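Treat the numbers as computed from the prediction; the structure is a model and nothing was measured.
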Amino acid sequence: MSVVPDPITTQEQAGKERETLLDLIARGLYCTTACVAGGDHGQPGEEALAMGRRVADDYLAAYEEWLVKIAAVNAAPGPQ
């Protein structure tokens, strides 16, 4: 299966995508830690999601910074 998303062309779209990623990563962190801890787990609570979103936000901020650095290197003239 091949999925090609529509390109993100506005800040609003980028913000929505970032929020979606934060939620997805936060839920994944919850599920991972719940499975490691053992036992049965259901939907994460608001507090668990808030903590997961903080971790996800740090991760995405570092990733975005890395992407900007890579773009700057690629845009620089001369040999790579």
Presence of salt bridge, Asp23 and Arg27, under 4.0 angstrom: yes
Side-chain contact test, heavy atoms from C-beta onward, threshold under 4.5 Å: evaluate it for Trp66 versus Ile70 and give yes or no. yes
Counting C-beta onward and ignoring hydrogens, is there a side-chain heavy-atom pair between Arg18 and Leu21 closer than 4.5 Å?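 Side-chain contact under 4.5 Å: no.
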Distance (rounded to the nearest 0.5 Å) between [X] [atom1] and [Y] [atom2]:
X: Leu60; Y: Glu65; atom1: CG; atom2: CD; result: 12.5 Å
X: Glu46; Y: Leu49; atom1: CD; atom2: CG; result: 6.0 Å
X: Thr32; Y: Ile25; atom1: OG1; atom2: CD1; result: 11.5 Å
X: Glu64; Y: Asp57; atom1: CD; atom2: CG; result: 8.0 Å
X: Lys16; Y: Ile8; atom1: NZ; atom2: CD1; result: 11.5 Å

If you compare all heavy atoms of Ala56 against all heavy atoms of Ala26, which two are closest, and at what distance to 0.1 Å?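 For Ala56 versus Ala26, the nearest heavy atoms are CB-N, 4.3 Å.
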Path from Leu24 to Tyr59 over hydrophobic side-chain contacts below 4.5 Å: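 Unlinked, Leu24 and Tyr59 end up in two clusters.
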For residues Val55 and Leu22: do they belong to one hydrophobic cluster (side chain heavy atoms under 4.5 Å, members Ile, Leu, Val, Met, Phe, Trp, Tyr)? yes
For Thr9, is there any backbone N or O sitting under 3.5 Å from a side-chain donor or acceptor partner on Gln13?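 Confirmed, Gln13 side chain pairs with Thr9 backbone.
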